Amino acid sequence: MRKKMVAGNWKMNKTLQEGVALAAELKQTVVNPACEVVIGTPFIHLATVAEMLKGTPVHVAAENCADKESGAFTGEVSAAMVRSTGAEYCILGHSERRQYYNETPEILKEKVRLALANGLKPIFCIGEVKEEREAGIQNEVVRQQLEGSVFDLTAEEFAQLTLAYEPVWAIGTGLTATPAQAQEMHAYIRSLVRARYGERTADDTTILYGGSCNEKNAAELFANPDVDGGLIGGASLVAEKFMAIINAR
Ligand code: PGA
């Protein structure tokens, strides 16, 4: 059976001290979760937070990694460096990275390859913008995002991935996809995985919903058969809210 998961994405929030304080709260409160719990933190938090949470049910993710192996790329952080902190996951393909940092499908393909080669499990984000949904082409957009960056992987490599469907119009806007919209898209994504990798892999692929998922709407979203958990931005910055979402899973 596929893993259920609730993953936080702190984005560019929290100083090191604030992040350590939040991780300490989670360490105390996340005891026997019914799902895999992951927190995505800025690079500078990773080593400290991964060390703090070692042996606990809270796993750690980077929010990005470089598309180059190593060398003269000032300011970049490689997948090997991320892995060396003790982080196990790496969020890739987030719409903010695609939009503000011009991450193309080709760049993301390389990042996914390097993350996997260095023992990181990618949480790969896909999703359409508002105009694309209004034009009714959301399925096509999501299909191209998968084909452009991850459908060249072998079945073994693909099995390391978690997918996150994040409609861009729902991220940080308070506009959540309805449970029916989420289920419809998740079922479509799973059908694409089935067509590419077969029934078994499709059944085993964890697909998260992200986009204004919070402690109030999480249970309703997670009740759908193809919604295996959530990727949580804003509500992951407050321990009680994040805990309530974990408990809704
Ligand atoms: P949000 O962000 O929960 O603040 O909408 C979700 C995300 O970007 O992963």
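The figures that follow rest on heavy atoms only: side chains count, while hydrogens, waters and symmetry mates do not. Bear in mind that the values here come from a model prediction, so they are computed numbers and not experimental data. Order of appearance sets the numbers: ligands from 1, and atoms from 1 within every ligand. One-based numbering along the sequence shown.
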N or O pair under 3.5 Å between [X] and ligand 1:
| X | answer |
| --- | --- |
| Gly234 | yes |
| Gly211 | no |
| Ile171 | no |

For the residue pair His45 and Trp10, categorise the inter-ring angle as parallel (less than 30°), tilted (30 to 60°) or perpendicular (more than 60°).
perpendicular

Residue list, side-chain hydrogen bond (donor to acceptor under 3.5 Å, both in side chains) with Glu215, at least two apart or on another chain:
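Not a single residue meets the side-chain hydrogen bond (donor to acceptor under 3.5 Å, both in side chains) criterion with Glu215.
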
Once side-chain hydrogen bond (donor to acceptor under 3.5 Å, both in side chains) is applied, do any residues pair with Glu199, and if so which ones, sequence neighbours excluded?
Arg194

Starting from [atom], what is the nearest protein heavy atom, named by residue and atom, and what distance separates them?
| atom | value |
| --- | --- |
| atom 3 (O) of ligand 1 | Gly233 N, 2.9 Å |
| atom 2 (O) of ligand 1 | Lys11 NZ, 3.3 Å |
| atom 9 (O) of ligand 1 | Glu166 OE2, 2.6 Å |

With heavy atoms of [X] as the reference, note each atom of ligand 1 found under 4.0 Å away.
| X | answer |
| --- | --- |
| Leu231 | 6 (C), 9 (O) |
| His94 | 7 (C), 8 (O), 9 (O) |
| Asn9 | 9 (O) |

For the CD atom on Glu134, are there more than 12 heavy atoms of other groups (residues, nucleotides or ligands in this structure) within a distance under 6.0 Å?
yes

Work out whether the distance between some heavy atom of Gly210 and some atom of ligand 1 is less than 4.0 Å.
no

Report yes if the side chains of Leu221 and Cys213 come closer than 4.5 Å at any heavy-atom pair, otherwise no.
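Result yes, sub-4.5 Å side-chain heavy-atom pair found.
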
Partner of Arg190 under side chain to side chain donor-acceptor pair (under 3.5 Å), picked from Asp226, Thr201, Thr205, Asp203, is Asp226

Using modelled atom types and a 3.5 Å cut-off, is there a donor and acceptor pairing between side-chain atoms of Ser212 and backbone atoms of Gly174?
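Between the backbone of Gly174 and the side chain of Ser212 there is a qualifying donor-acceptor contact (under 3.5 Å).
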
Atom 5 (O) of ligand 1: which of Gly127, Gly172, Ala7 has the nearest heavy atom?
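Residue with the shortest heavy-atom distance to the ligand atom: Gly172.
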
Just by distance, no angles: are the side chains of Glu36 and Tyr89 close enough, under 3.5 Å, to form a donor-acceptor pair?
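Side-chain D/A pair, Glu36 to Tyr89: present.
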
